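Reviewing the structure listed below.
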Amino acid sequence: MPELPEVETVCRGLRKNIIGKRISKLQIRISKLRWVIDKNKLQQAVINEKIISVERRAKYILINLNNRNTIVIHLGMTGNLRLKSQSVPLEKHDHLIFSFDDKSEIRFHDPRRFGMVEAVSANEMSNYSRFANLGPEPLEKSTRAADLYKKSSKSKKPIKNVLMDAKFLAGVGNIYASEALYYARIHPEKISNTMTRKQWTALLRSVRKVLKAAIKKGGTTLSDFANSEGNSGYFQLSLAVYGREGEKCPSCKTKIEKFTQSGRSSFYCPSCQSID
DNA sequence: CGTGCTGTTGCTAG
DNA sequence: ACTAGCAACAGCAC
């Protein structure tokens, strides 16, 4: 269940567990994911290479190798990476297996196959199309509310759509968009050009607050990464409005409402969140 | 048993 | 510039 905090949690787990290891084997059982994997290219890019570092950009995982190639992974809706011993039997939907010298391996597991795995060379990375139009990272200090205010001041789109637009701000998905708007007391359908500077300050602060809180929760399961059974929905307990249609608003006890917005579910408190 | 609906992402067609 | 549709599967209500 990957949104930015889950992806960040996976990255931290990878850093802790696979940096310095050498990829001895790559098994590709299913290559038709979101995009068809170029098997030869991926094999050649990673075999016998050492893992140097792991980074995150938006919801992409970047595994940097000794030969300056990067394995770019996106988990889509249902993807995850599990570190297991080679002796543990494979499961259904384990599509790629990166094996290491020490008999451990990383398994890319993705029932819906909306994820992607791709090898990108250092040269290709300099103008990699998937990153070319990505907006700023919400957790970076250099990302400022004043800039977001300015950038959205002419948009007639609902604020939630803008918040989720990766070329506006990277990595805010459906769940955390609802959550952040709730904490900022802004209605998801509020038209972006009616946002004040002050509201943008509150909104960016809320985005950071919910993302950081979720990452912190992910941190508690980090030690389990090595024998991860997959997702456990650890953050769901802390959600204020998402998935809580009909429940009481934690603040004012009004019933939380759900509606469909651009094909996605939005949850909000009709009393706390203002459209003006 | 089936049938229909929903879902965390992101690209693309229109 | 915007949105509906879609990729492939699991889980759930009925």
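Keep in mind that what you see is a predicted model, and the values were worked out from it rather than measured. Throughout, a chain's letter reflects where its sequence line sits, starting with A, and its residues are numbered from 1.
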* Whole-Å distance separating the CD atom of A:E118 from the C1' atom of B:dG10 -> 14 Å
* OP1 or OP2 of C:dC9 less than 4.0 angstrom from a side-chain nitrogen or oxygen of A:R113, does that happen here? -> yes
* Asked: Would you say A:H93 reaches C:dA8's phosphate, i.e. side-chain N/O to OP1/OP2 under 4.0 Å?
  -> no
* **Distance in angstrom units between A:E245 CD and B:dG7 P, rounded** => 10 Å
* Structure fact -> note: A:R130, atom CZ; B:dT12, atom P; distance rounded to Å ~ 8 Å
* Length of the CH2-P vector between A:W35 and B:dT9, whole Å -> 14 Å
* **pi-stack flag for A:F114 and C:dA7, centroid dist under 5.5 Å, interplanar under 30°** => yes
* A:R264 near the nucleic acid: base, sugar-phosphate alone, or nothing, with a heavy-atom cut-off under 4.0 Å? -> base
* Give me the residues of residues 156-169 of chain A where at least one heavy atom lies under 4.0 Å from an atom of DNA chain C, by number, or none. => A:K157, A:N161
* Structure fact -> Mate of B:dG7 across any strand shown (Watson-Crick or G-U wobble, both atom pairs under 3.5 Å) is C:dC9
* Asked: Parallel, tilted or perpendicular: which describes the rings of A:F168 and A:W200, with under 30° parallel and over 60° perpendicular?
  -> tilted
* Does any N or O in the side chain of A:Q261 come within less than 3.5 Å of the main-chain N or O of A:K160, such that one atom is a donor and the other an acceptor? -> no
* What about A:R112: does its side chain form a donor-acceptor pair under 3.5 Å with the base of B:dG7? -> yes
* Asked: Between A:H109 and A:H93, what is the ring plane arrangement, given parallel below 30°, perpendicular above 60°, and tilted in between?
  -> perpendicular
* Taking NZ from A:K92 and P from C:dG11, how many angstroms apart are they, rounded to a whole number? -> 9 Å
* To do: Quick one: label A:R34 by what it contacts on the DNA or RNA (base, sugar-phosphate, nothing), any heavy atom closer than 4.0 Å.
  => base
* Asked: Can you tell me if NZ on A:K151 sees more than 12 non-hydrogen neighbours from other groups inside 6.0 Å?
  -> yes
* Describe the nucleic acid contact of A:K258 in one word from base, sugar-phosphate, nothing, applying a heavy-atom distance below 4.0 Å. => sugar-phosphate
* Does the distance from a Lys or Arg side-chain N to an Asp or Glu carboxylate O, for A:R107 and A:E91, drop under 4.0 Å? -> no
